[in-house]
Each structure stands twice: as C-alpha cells, then as structure tokens.
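See below for the structure under consideration.
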Number of protein chains: 2
Amino acid sequence: MSDGRSPAAVRSDNLLFLTDEQLRQGSEAMFFAYRGFTADPDRILGDMAYGRAHHRAIHFIGGAPGTTVNNLLNILGVTKQSLNRVLRTLIADGLVQSKVGRNDKRERHLYLTEEGRALEQKLSDAQRARLRAAFREAGPEAVAGFRRVLEAMMDPEMRASYTRLRGSGS
Amino acid sequence: MSDGRSPAAVRSDNLLFLTDEQLRQGSEAMFFAYRGFTADPDRILGDMAYGRAHHRAIHFIGGAPGTTVNNLLNILGVTKQSLNRVLRTLIADGLVQSKVGRNDKRERHLYLTEEGRALEQKLSDAQRARLRAAFREAGPEAVAGFRRVLEAMMDPEMRASYTRLRGSGS
DNA sequence: CTTGGAGTGTCAACAAGGCTGACGTACCCT
DNA sequence: AGGGTACGTCAGCCTTGTTGACACTCCAAG
C-alpha cells in the first residue's frame with residue numbers, strides 16, 4: 001500500500017532500493033516537468049489559432065522534411081483524421097507544403113515552407129531555452145542519465161522512431 | 001561526443017557542448033517518454049468512463065489526503081470548473097469523499113474512499129511497473145540525473161509543490 | 001450587524017483535439 | 001481486373017480544457 005512498511009517489498013527491489021515513494025516522486029517529477037516543458041510553446045501558440053497538435057506536426061516535419069503522412073501518423077500516434085485536421089489548416093495557412101510522391105503517387109511528402117520554418121524556429125527556440133537552462137543547471141552526467149531513463153521509459157516502437165529512424169523523402 | 005558542425009554554435013555553449021541537435025533529441029525524448037509514461041494508465045482508464053484528468057485527481061488526493069480543492073487546483077493547474085467536473089463524477093461514483101473543513105467550513109477536504117484507493121492502486125501499479133523497469137535498466141546514477149534534470153525543467157512554483165509541500169488536513 | 005471577500009459549487013457555452021465509422025479516390029502490384 | 005495501400009474527408013461523439021456569470025456559505029474587519 002505504501003512505503004517501507006513491508007520489508008519484503010523493499011527486499012524485492014534491493015538492487016536499487018526503489019520504494020513506492022521514490023517511484024511516486026518520479027511520476028510527479030514527470031508530470032510537473034512535462035508541464036514546464038510544454039508551457040512556453042503553448043503560451044506562444046495560445047495567441048495564434050494553433051495548439052499543441054500543430055506544434056508537434058511542425059516539429060516532426062521540420063526534423064524530417066519529406067516525411068509522408070503515414071510516417072507522421074506512426075510517430076505521433078494519432079488517427080489520420082486527427083492529423084489531417086491539423087495538417088489541413090497548416091497547409092491552408094501556407095506553413096506546410098504537401099507534394100505528391102515521385103515513386104509512389106499515393107504518398108504525400110510534407111515540407112515546411114519558409115513561413116513554417118519561421119514558426120518552428122520560434123517555438124523550438126522557446127522550448128530549447130528552457131531545456132538548455134535545465135541541462136546546464138543539472139550538469140552533463142545528469143543529462144546523460146536523464147536521456148537513459150527516458151529512453152528506457154518509451155514503448156519499444158517509439159524508441160525506434162526516437163533513434164533517428166525518421167522516414168525521409170523518396 | 002559533440003557532433004558540432006557550427007563552431008560558433010558549439011562555442012556559445014562551450015560549458016556543456018549543447019548543440020541544437022542535442023536539444024532537439026532531448027525534446028523528442030520527453031515527448032516519447034511521456035507517451036510511454038501515460039500509456040498504461042490511459043489503457044486502463046479507457047475501459048472505464050474515466051480519463052487522464054480523473055487519474056491525476058485520484059493520484060494527488062491519494063498522495064495528500066485531506067487536501068483542499070483550492071490546493072488541488074494549484075497543483076493541477078486547471079480551472080475550478082474543469083476540476084469540479086472531474087471531482088463531481090468521482091464523488092458521485094463513491095471514489096472520493098469530500099468533507100467540510102473543521103477550522104474553515106468553506107473548505108472541502110478530499111479523501112479517497114476504499115474504492116478510490118483501489119483504483120489509485122491499480123493505476124499507479126501499472127505506471128510504477130514501467131517506471132521501475134526504466135529505473136532498473138538505466139541504473140541509479142542515471143535516475144539521479146533524471147531527477148535533477150526534471151526538477152530543473154519545472155516552473156519554480158511547481159518545483160515547490162513537487163518538493164513535498166503538499167497541503168494536508170485542517 | 002453589516003459588508004467584503006474567500007472558498008466553493010454550478011450552469012451555460014464553446015474550442016481543441018482525441019476517437020470511430022464510413023466512403024471515395026487514386027494508385028501500386030499481382 | 002481486382003485487392004490492398006495511402007490519403008482525404010464527412011459526420012458524430014467524448015474528454016478536457018477555457019470564460020463568464022451567479023449563488024451560497026462562511027470568516028473577519030469595521
């Protein structure tokens with residue numbers, strides 16, 4: 001039920017001495033940190049007609065120009081209807097360009113326009129500033145540990161996406 | 001270690017060699033890891049009539065029995081209307097009990113019922129299992145670094161909430 | 001006692017962003 | 001020619017966030 005009452009529970013974790021309380025603190029750290037992590041871009045987007053979903057799309061298109069819709073779908077883990085709604089507005093507003101594939105004409109390859117790149121820059125600058133400050137404050141070894149834990153926390157398929165297996169244009 | 005292409009960019013961060021690419025990877029690690037982090041409870045809640053908001057409420061009430069509505073509001077960072085909608089269903093369903101404060105009768109102190117505690121247990125067990133596995137895989141030093149970075153990433157007020165300043169009963 | 005303000009509950013309306021289901025179109029491949 | 005793939009889209013539903021407005025209870029100050 002709770003921390004340290006049962007010697008057996010502690011013993012079962014004797015390698016790392018992970019009490020429930022420590023794990024609880026880990027959960028809450030994730031919650032609060034993620035809030036901080038998204039706070040800056042959210043504030044910027046709040047002033048415009050866009051939301052976090054647009055940010056994600058712009059981010060991953062910017063990071064893998066020429067990626068296909070299907071590819072993005074897998075990375076973001078949403079339905080095509082959800083993604084399409086976001087993509088439609090971004091394309092209509094001229095932030096994203098969609099090109100029919102050369103090899104396979106069913107596919108659409110996505111690129112940021114100049115305007116899209118500008119917004120991506122603005123958003124990621126805000127987010128990177130916080131991340132940079134946090135990394136500096138915590139120190140290099142802490143950053144390495146941070147990365148190791150986060151990686152271990154992902155679903156395996158996501159770990160693959162994360163490890164630079166991003167799809168590229170045909 | 002550093003894949004610095006632009007000497008100027010590297011030099012500007014010479015203390016830690018933080019390239020934009022490293023920060024980008026940090027962002028994506030947060031994104032994918034948070035997805036993994038919430039995946040298990042979300043799956044459980046999806047079968048019931050509850051969502052992530054209910055999980056959060058139950059979690060923080062369970063961790064600080066007797067907390068007031070206002071307290072919870074500050075921790076969760078949502079409007080009272082949003083929280084109230086969630087709380088109302090939890091109270092109606094008998095998972096949460098709301099008691100009028102002794103000293104200040106305007107306040108409501110929130111507690112989990114037996115049933116509520118059971119659900120909290122079920123949800124946090126799933127989440128803790130993933131966290132535990134990740135912590136084990138990454139090792140103790142990595143966990144310490146993980147905590148340090150997350151803490152540095154929070155907003156200052158949230159850091160206060162996180163550091164066990166949770167409100168308690170009247 | 002009156003009054004102001006804090007803490008809370010609640011109604012109404014709305015928006016973002018998830019979801020499912022269904023359908024159409026264009027295309028690739030066998 | 002037909003089946004499966006990639007994509008777009010319409011329609012509808014849900015959760016969860018938002019504002020704004022209003023009422024009630026109660027504490028504390030005047």
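In what follows, every heavy atom counts, from backbone to side chain, and hydrogens, waters and symmetry copies are set aside. So you know, we letter chains A, B, ... as the sequences are listed, proteins then strands, and number each from 1. Just so we're clear, the structure is a prediction, and the values are computed from it rather than from any experiment.
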Its contact letters, B for base, S for sugar-phosphate only and - for none at protein heavy atoms under 4.0 Å, make nucleotides 25-30 of chain C read -BBS--
Does the protein touch nucleotides 15-23 of chain C at the base, only the backbone, or not at all? Give it as B, S and - per nucleotide, heavy atoms under 4.0 Å. --BBBBBB-
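Panel note: side chain B:Arg147, backbone A:Ala29; no donor-acceptor pair is recorded below 3.5 Å. A distance-only check finds a donor-acceptor pair linking the side chain of B:Thr113 to the backbone of B:Gly94 [under 3.5 Å]. Checking side-chain atoms of B:Thr68 against main-chain N and O of B:Arg108 turns up no donor-acceptor pair under 3.5 Å.
Here C:dG7 presents its P atom at 17 Å from CG of B:Leu87, a figure rounded to the nearest Å. Protein atom CG of A:Leu45 is 18 Å distant from nucleotide atom P of D:dG17, rounded to whole Å. Distance B:Leu73 CG to C:dA6 P: 15 Å, rounded to the nearest Å. Between the CG atom of A:Asn84 and the P atom of D:dG8 there is a distance of 5 Å, given to the nearest Å. Atom CD1 in B:Ile58 sits roughly 16 Å away from atom C1' in D:dT16 (whole-Å rounding). As a whole-Å value, the separation of B:Leu90 CG from D:dT15 P is 13 Å. Atoms CD1 (B:Ile91) and P (C:dT10) sit 8 Å apart, rounded to a whole Å.
A salt bridge links A:Asp40 to A:Arg43: one of the charged nitrogens lies within less than 4.0 Å of a carboxylate oxygen. A salt bridge links B:Arg117 and B:Glu114; the closest N-O separation between the charged side-chain nitrogens and carboxylate oxygens is under 4.0 Å. Between B:Glu28 and B:Arg24 a salt bridge is recorded (basic side-chain N to carboxylate O distance below 4.0 Å). Under 4.0 Å is where a charged nitrogen must lie from a carboxylate oxygen, and between B:Asp125 and B:Arg132 no such pair does. Salt bridge A:Asp42/A:Arg52: present, at least one basic N to carboxylate O contact under 4.0 Å.
Residues B:Gly116 and B:Ile58 share a closest heavy-atom pair of O-CG2, 4.2 Å.
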Can you list the steps and then say if B:Thr89 with B:His54 is a side-chain hydrogen bond (donor to acceptor under 3.5 Å, both in side chains)? CA-CA 9 Å; B:Thr89 70; B:His54 299 83; 3.3 Å; yes
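If you run ring-ring contact (aromatic ring centres under 6.0 Å, His included) between A:Phe31 and each of B:Tyr162, B:Phe60, B:Phe37, B:Tyr34, only B:Phe60 comes through.
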Return the polar atom pairs (N/O with N/O) between nucleotides 28-30 of chain D and the protein under 3.5 Å, or none.
none

